[in-house]
Amino acid sequence: MAGAMTRYDPATIEPKWQAYWDEDDTFRTPEGTDRPKTYILDMFPYPSGSGLHVGHPEGYTATDIVARYRRAAGFDVLHPMGWDAFGLPAEQHAIVTGTHPRDTTARNISTFKRQLKMLGFSYDWAREIDTTSPEYVKWTQWIFLKLFKRGLAYQSEVAVNWCAELGTVLANEEVINGLSERGGHPVERMPLRQWVLKITAYADRLLEDLGEVEWPNSTRIMQQEWIGRSEGAEVNFDVVGHDAVIEVFTTRPDTLFGATFMVLAPEHPLVQVLTTDERRDEVAAYVEQAKNKSERDRQANKDKTGVFTGGLAINPVNGAEVPIYIADYVLWGYGTGAIMAVPAHDERDFEFATTHGIPIIEVVSQTGAPADAPLKVAMTEQGIAVNSSKYDGLRTAEFKSRVTADLEAAGKGISRVEYKLRDWVFSRQRYWGEPIPIYFPVDTEGDPRAGADYTIRYSEPIAVEESELPLRLPELDDYKPGTDPAGVLARAEDWRFFQKDGQWFARETNTMPQWAGSCWYYLRFIDPDNTRALCSPDLAAQWLPVDLYVGGAEHAVLHLLYARFWHKVLYDEGAVPTKEPFKKLVHQGMILGEGGQKMSKSRGNVVNPDDIVAEFGADSMRIYEMFMGPLEATKPWNTSSISGVRRFLDRVFAVTLRADASASPDDALRRLQHQTTRKVTEDIEAMRFNTAISAMMVLTNDLMKLEQVPTEVLGVLAKLVHPFAPHLGEEVWEMLGHAPSIQAEPWPTYDRALCEQDEVEVPVQINGKVRARITLAKNATEAQAVAADHEAVGTHLDGKTIRKTIWVPNKILNLIV
RNA sequence: GCCGGGGUGGCGGAAUGGCAGACGCAGGCGACUUAAAAUCGCCCGUGGAAACACGUGUGGGUUCGAAUCCCGCCCCCGGCACCA
């Protein structure tokens, strides 16, 4: 071996330790011990063609620090990584270049893996998973079959978000302001046969169990609002002259006496029935116009348009006849698609009534007496009933329960709960996704592959046998989306059609959305090679739930809601032992470009981790990202600041070269060692990495000033710094004469008593202004403090009388004069 | 509009009722060097020669004492957006 290095050179030591860790299997997940466990998980990446950007390592470094710390602190740690590798970009690349998405994906994965290894993350690579591998797809399909058999996966002819540009439908969650979340292409509504997952059946549990997770409050609120539970009543209005009933959903049945009109969504089937002949043309025109309006137009224009149908409904509480309108501000997808309109107490109804000259009747007031003047705006608060016959004087809550009970007794209504959450449209018309393992009988006279006419009996779906999983994708020459809403796979006729016992069948040609693989990957990491089950129940019981899950806030509703849903289904299935998958969740903040703008190729401000590692080293990159500010905060990148953390690492190396085994720390250094250990330990636990690094800088700067640097303190510094800068940590540990790996060393402990100073400097305030400082023994009494203050404050007290003395031990002495 | 988060030196940030600005960047001065870089040391909120005064978006309040707690307002970021 060459002579000891005299200079910190990350380009040499980083590959050296990475090779050591690989060779040594340092981060292999322990099995069968009786130590406590921790499961620390990153949101796994989509391996894009452009490789890692600096946002990825932010969260990954944070979890790596916690993982390395927990191992040292005596935990068995599961810290895996894998690839969410189905998805649009690889398929779009295939459309343009003809390269099979499998090849693109494999290449991108190898780039990502090289970059992650370069950064020294302590993943157990033996558990690496790829959502596109047949072994993984098998279990994704297996879960789909469980959903299907439980009636939670069904087909529906639904008005879906069709994106012609992408040639596929999108989930509501993937449509933002009428444009696709990916790519920003226009999205239109059209009815298509789709596979839908009944997530609404789990709405209440998804809501309730938010109470048992340690998640950011904002994320829990977002999920709550997305689920959007509201309690109210369904009320039935008879229609004059027809044997029809309009059902409405309302959260304010106490305002029934103020209902002066009804509104149906334009799509409501009763529209055709109750429209009078003289109104028919106008109504038909409105319905047509509403149908052609895109989501986007609807959002841009919130005017309360609508037309009278000519029909009248009977208010069940007072027999009043009220006109029935149609208007697009009533949504067909929510509640019953019809409302009772109470303009006095609902802003939208107020606006509609005002523009259409409909009466406004006040039925709730703050005082219990009707207002003197007509209402100028809707009064949406709760209050006391007026103009409501026998219910007058009741408070809102009391009124609601009484009138709902009365309606129920009369067979005119029932209490009901509604959700904003819709069932999850689960099919995509893409190639690069998991095939849905379903097939259908086909009626045909010949061979459909040879062009015979055929009819697919979609109403009779048949599950593929579990033993036949995985159902693999066919090979295609052309990945272009067609106009055929059956999807790209419909063109693979040899794959699609098959014969069994003389009967022809057709496979489902839709594939699953990208969310499918990420809904359960955290389970596969627990038992990645199991061929009999997605994960052994024993191992699931051992490792679940995920103790720490770190990823971007952009997944606050989509991925995190879908994964919770699948987890609960698997819980019901007995496959997992916990109700919730992710106990503690943290979102790392976004890293902006140098100018404070979002990083993007078009702005040209993207920072490439390869360049940073080449110039400063992986450890500097890691520490810099943690030192920028609080993990959760959005913060701008600043390359010149990295030189500061690089200097810190240089000094850790330099000061280690001066290790002196014969030196022992004085009281002050001993105290600082214990204070730093405490600070770093507490800060890692609380994920305050920026202040932990600051504390280690203080200790290092102090050590630099010493004539003799005690080896013992350097050992503690090495242990503290190693989760943050693991390569340097290993290197200095070795320089101090120890055998690797420092990861095997126990985490340093601290003694609270040794953290305390014997003497404290206490500021003396006069009327709240600091005028002097006095040095006192720790825990000095007020009398001692007052005795000490006089000489210190000097002339500030001349000619004044002390009226009051405030003494906070070890903190402050404040004299009021 | 509603919900959530935030506003502190030239910059990133620290301090969650007790000395505002830890730590770092940038900047200044000095040492070393033939010189430069690197490194090391010192200075670095504003005004002021100093004493001192002022200072955490803004206006009030509570308190002996407020960046921190309470009320009103302004601005920035994220989410939702006719859900009856």
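The sequence lines fix the lettering, A, B, ..., with proteins before strands; numbering per chain opens at 1.
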Taking atom P in both rC69(B) and rU16(B), what distance in whole Å separates the two? 11 Å
Here the gap from W637(A) atom CH2 to E58(A) atom CD, rounded to the nearest 0.5 Å, amounts to 9.5 Å
By the Watson-Crick or G-U definition, both distances under 3.5 Å, rC11(B) is matched with rG24(B)
note: L813(A), atom CG; rG18(B), atom P; distance rounded to Å ~ 16 Å
With the side chain defined as heavy atoms from C-beta on, M222(A) is closest, among rC25(B), rG79(B), rC23(B), to rG79(B)
Open item on the list: Surrounding CD of E347(A) (heavy atoms of other residues, nucleotides or ligands, distance under 6.0 Å), is the total greater than 12?
Closed with: no
Quick note, K635(A) side chain, CB onward, closest among rC23(B), rG13(B), rU39(B) is rG13(B)
Rounded to whole Å, the CG-C1' distance (N814(A) to rA66(B)) equals 13 Å
Scanning all shown strands, the Watson-Crick or wobble mate of rG55(B) with both distances under 3.5 Å is none
The residue, R229(A) or N217(A), whose nearest nucleotide of RNA chain B is more 5′ is N217(A)
Among rG12(B), rC64(B), rA84(B), the one nearest any side-chain atom of F627(A) is rG12(B)
For rC29(B), the nucleotide meeting Watson-Crick or G-U wobble distances (both under 3.5 Å) is rG41(B)
Remember a base hit wins even if backbone is also touched, and classify I221(A) as base, sugar-phosphate or nothing at under 4.0 Å, heavy atoms.
-> sugar-phosphate
- Check every strand shown and say whether V808(A) touches a base, only sugar-phosphate, or nothing at a heavy-atom separation below 4.0 Å. base
* When the C1' atoms of rU62(B) and rG72(B) are considered, how many whole Å apart are they? -> 15 Å
- Which value, in whole Å, describes the distance between the C1' atoms of nucleotides rG4(B) and rG48(B)? 45 Å
inquiry  = If I pick the C1' atom on rC52(B) and the same atom on rG7(B), what distance separates them, to the nearest angstrom?
reply    = 30 Å
- Sugar-phosphate only, base, or nothing, as touched by N701(A) at under 4.0 Å among non-hydrogen atoms: sugar-phosphate
ask   = Counting only side-chain N and O atoms of R252(A), is one of them less than 4.0 Å from OP1 or OP2 of rA84(B)?
value = no
Rounded to whole Å, the CD1-P distance (I766(A) to rA53(B)) equals 12 Å
**Study point:** Distance test, side-chain N/O of R220(A) to OP1/OP2 of rG4(B), below 4.0 Å
**Key:** no
Atom CG of D702(A) and atom C1' of rC40(B) are separated, to the nearest Å, by 16 Å
When rounded to whole Å, the CD to P distance for the pair E625(A) and rG12(B) reads 17 Å
*asked:* Between rA53(B) and rC71(B), how many Å separate the two P atoms, rounded to a whole number?
replied: 32 Å
**Pairwise P distance, rA22(B) and rG45(B) [rounded to whole Å]** = 8 Å
Measuring only the P atom in each nucleotide, how far is rG61(B) from rG12(B)? A whole number of Å is fine. 32 Å
* When all nucleic acid strands are considered with a 4.0 Å heavy-atom cut-off, which category describes R651(A): base, sugar-phosphate, or nothing? -> sugar-phosphate
inquiry  = Could you tell me how far rA49(B) sits from rC64(B) if I compare only their P atoms? Round to whole Å.
reply    = 38 Å
- Message: Any base atoms under 4.0 Å from P630(A), or only sugar-phosphate, or nothing? Heavy atoms, all strands.
- Response: sugar-phosphate
Donor-acceptor under 3.5 Å (H268(A) side chain, L270(A) main chain): yes
Next on the checklist: Are F261(A) and F352(A), when compared by the centres of their aromatic rings, separated by less than 6.0 Å?
Outcome noted: yes
*Ignoring hydrogens and angles, tell me if any N or O in the side chain of Q223(A) forms a donor-acceptor pair with the backbone of A556(A) under 3.5 Å.*
yes
Q) Which part of the nucleic acid, if any, lies within reach of S641(A) when heavy atoms closer than 4.0 Å are counted: base, sugar-phosphate only, or nothing? A) sugar-phosphate
Glycosidic torsion of rG4(B) (syn if within 90° of 0, anti otherwise) classifies it as anti
Closest to the side chain of K304(A), out of rC23(B), rC82(B), rA14(B), is rC82(B)
Of all heavy-atom pairs linking M340(A) and D349(A), the shortest is O-OD2, 4.0 Å
(Q) Just by distance, no angles: are the side chains of S640(A) and N638(A) close enough, under 3.5 Å, to form a donor-acceptor pair? (A) yes
Atom CD of Q223(A) and atom C1' of rG4(B) are separated, to the nearest Å, by 14 Å
Below 4.0 angstrom from OP1 or OP2 of rA84(B), is there any side-chain N or O of S230(A)? yes
Out of rG18(B), rA84(B), rA15(B), minimum distance to the side chain of T691(A) belongs to rA15(B)
Closest to the side chain of V330(A), out of rA84(B), rC80(B), rU39(B), is rA84(B)
- Query: Contact class for I806(A) (heavy atom, under 4.0 Å): base, sugar-phosphate, or nothing?
  - Reply: base
Side-chain contact check for I816(A): nearest option of rA84(B), rC64(B), rC82(B) is rC64(B)
**Report entry** Pair Y419(A)-S230(A), side-chain donor/acceptor within less than 3.5 Å
**Finding:** no
Which part of the nucleic acid, if any, lies within reach of K420(A) when heavy atoms closer than 4.0 Å are counted: base, sugar-phosphate only, or nothing? base
pair_partner(rG78(B)), Watson-Crick or wobble, both distances < 3.5 Å, evaluates to rC3(B)
Quick note, D328(A) side chain, CB onward, closest among rC25(B), rC82(B), rC23(B) is rC82(B)
Against the side chain of K804(A), the closest entry in rG18(B), rA84(B), rC64(B) is rC64(B)
Self-check item: Salt bridge E234(A)-K412(A), side-chain N to carboxylate O under 4.0 Å
Solution: no
Between NZ of K598(A) and C1' of rG78(B) the distance, given in whole Å, is 10 Å
ask   = So what does Q765(A) touch, heavy atoms closer than 4.0 Å: a base, only the sugar-phosphate, or nothing?
value = base
Of S218(A) and I642(A), the one whose nearest nucleotide on RNA chain B sits closer to the 5' end is S218(A)
F648(A) atom CZ is separated from rU39(B) atom C1', nearest whole Å, by 18 Å
In Watson-Crick or G-U wobble terms, with both distances under 3.5 Å, the base opposite rG18(B) is rC64(B)
Out of rA14(B), rG18(B), rA84(B), minimum distance to the side chain of N690(A) belongs to rA14(B)
